[in-house]
A.B. asks: 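What follows is a structure written as structure tokens; I'll ask about it next.
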Number of protein chains: 2
Amino acid sequence: MTYTAEQKRNEAQKDYNASLALCPAGQLLEAISSKWVTLVILALVEGPQRHSNLRKTIPGASQKMLTSTLRSLERDGLISRRITVTTPIRTDYELTSRGRSLLPIVFEMKKWAEENMHDIGASRMAHDRHQLDFG
Amino acid sequence: MTYTAEQKRNEAQKDYNASLALCPAGQLLEAISSKWVTLVILALVEGPQRHSNLRKTIPGASQKMLTSTLRSLERDGLISRRITVTTPIRTDYELTSRGRSLLPIVFEMKKWAEENMHDIGASRMAHDRHQLDFG
DNA sequence: CTGTATCCTCTAAGATACTG
DNA sequence: CAGTATCTTAGAGGATACAG
């Protein structure tokens, strides 16, 4: 049985993905770059927040997404969860020191996003219009 | 017709998503945080690269994903594409100045990821083991 | 070499309802 | 209030074949 160059390349890809998955950065970038991670971290900058409070602060996230984002961050040791067994129950989320070590990056991303939002919007429109004309 | 508090909250969410989508940061974070964006940008740090070269540098990405990532970055004005009409055809991708303005952030993310990869791996294992025992 | 088009699968994520 | 479970669906992404 023979392979084309294309097929060989596909095999190489599979091997690569199976073993190292991605470059060192890649693994964590996925964890950090989830749609809501940055927003949750920013919401916790000022201090511990209750679950219900986070929902108000980040109305774009469904409860399901919020919970799963929080679980994921907890698993990675970026936030901690403290439960107070009252009725009704109460839970507070807080950045760990490792979570706080991400703050400089998160702030920079926020800053960059705010500074470039306008221009990127313009680029997109220009690009899309060009697609309409010639695409 | 009456609504429960839960339903009202869901409605509020929809409105929010429909109008502002997300906070200023959110819009762009999605663009930046795609699985391959960081890797492509890092691959272009040293200078322009051909399509085939990028495939070699980032073997984890299928051609489809690579192309669509490149298109997305081009649309946002973060990279430029120059085509040379020879046979076979040749295309080179290069960071624009706006793309280069992302480099400090990308480097910091890479650095953070490398520094914390080990500890986060440990946290995950501990967390997962706990789940097995008590979850 | 660089890309597009097709098909197909599988997961992310929303809606909803329910438990402690 | 905080969280889980279930159902369902849109879309991301892989495999493959083809085109300029």
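Every chain is numbered from 1, with letters handed out A, B, ... down the list of sequences.
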A.B. asks: Please pick, from D:dA2, C:dT2, D:dT4, the nucleotide with the shortest atom-to-atom distance to any side-chain atom of A:Thr67.
C.D. replies: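 It is D:dT4.
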
A.B. asks: Quick one: is C:dT2 close enough that its OP1 or OP2 comes under 4.0 Å of any side-chain N or O from B:Ser52?
C.D. replies: yes

A.B. asks: OP1, OP2 of D:dG14 versus side-chain N and O of B:Ser62: anything below 4.0 Å?
C.D. replies: yes

A.B. asks: Could you go through the side-chain contact (heavy atoms from CB on, under 4.5 Å) check for A:Arg98 and B:Ser123 one step at a time?
C.D. replies: CA-CA 11 Å; A:Arg98 191 187 298 159; B:Ser123 289; 2.9 Å; yes

A.B. asks: To the nearest 0.5 Å, tell me how far B:Asp119 CG sits from A:Asp76 CG.
C.D. replies: 11.5 Å

A.B. asks: Whole angstrom is fine here: how far is it from CG in A:Leu70 over to P in D:dC1?
C.D. replies: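 Rounded to whole Å, this separation is 16 Å.
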
A.B. asks: Quick check for you: among D:dC1, D:dT6, C:dC1, whose closest atom lies nearest to any side-chain atom of B:Arg50?
C.D. replies: C:dC1

A.B. asks: What is the separation between atom CG on B:Leu66 and atom P on D:dG14, rounded to the nearest whole Å?
C.D. replies: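 Spelled out: CG on B:Leu66 to P on D:dG14 is 11 Å.
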
A.B. asks: Starting from the 5' end of DNA chain D, give me the residue, A:Lys64 or A:Asp92, whose nearest nucleotide shows up first.
C.D. replies: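 Looking at DNA chain D, the more 5' nearest nucleotide goes with A:Asp92.
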
A.B. asks: Rounded to whole Å, please give me the gap between CD1 in B:Ile89 and C1' in C:dT2.
C.D. replies: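 One finds 6 Å between C1' of C:dT2 and CD1 of B:Ile89, rounded.
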
A.B. asks: Do A:Leu66 and A:Arg55 pass the side-chain contact (heavy atoms from CB on, under 4.5 Å) test, and can you show the C-alpha distance, the side-chain angles, and the key distance before you say yes or no?
C.D. replies: CA-CA 8 Å; A:Leu66 182 57; A:Arg55 287 203 70 183; 3.5 Å; yes

A.B. asks: In whole Å, I'd like the distance from the CG atom of B:Asn53 to the P atom of C:dC1.
C.D. replies: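 Going from CG in B:Asn53 over to P in C:dC1 covers 11 Å.
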
A.B. asks: Taking the nucleotide of DNA chain C with the closest heavy atom to each, which residue, A:Pro88 or A:Met65, is nearer the 5' end?
C.D. replies: A:Met65

A.B. asks: For a quick test of reading the model: is some side-chain N or O of A:Arg55 closer than 4.0 Å to OP1 or OP2 of D:dC1?
C.D. replies: no

A.B. asks: If we only count heavy atoms from C-beta on, is the A:Phe107 to A:Leu42 side-chain gap below 4.5 Å?
C.D. replies: yes

A.B. asks: Looking at B:Thr86, does any N or O in its side chain come under 4.0 Å of the phosphate oxygens OP1/OP2 on C:dC1?
C.D. replies: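 So the side-chain polar atoms of B:Thr86 never come under 4.0 Å of the phosphate oxygens OP1 or OP2 of C:dC1.
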
A.B. asks: If you compare every side-chain N and O of B:Arg82 against the phosphate oxygens of C:dT2 (OP1, OP2), does one of them come in below 4.0 Å?
C.D. replies: no

A.B. asks: Roughly, in whole Å, what's the span from CD in B:Gln63 to P in D:dG14?
C.D. replies: 12 Å

A.B. asks: Can you tell me if the side-chain N/O atoms of B:Arg71 get under 4.0 Å from OP1 or OP2 in C:dT4?
C.D. replies: yes

A.B. asks: Expressed as a whole number of angstroms, how long is the span from B:Arg81:CZ to C:dC1:C1'?
C.D. replies: 13 Å

A.B. asks: For a 4.5 angstrom cut-off between non-hydrogen side-chain atoms, does B:Trp112 reach A:Ile105?
C.D. replies: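 Side-chain contact under 4.5 Å: yes.
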
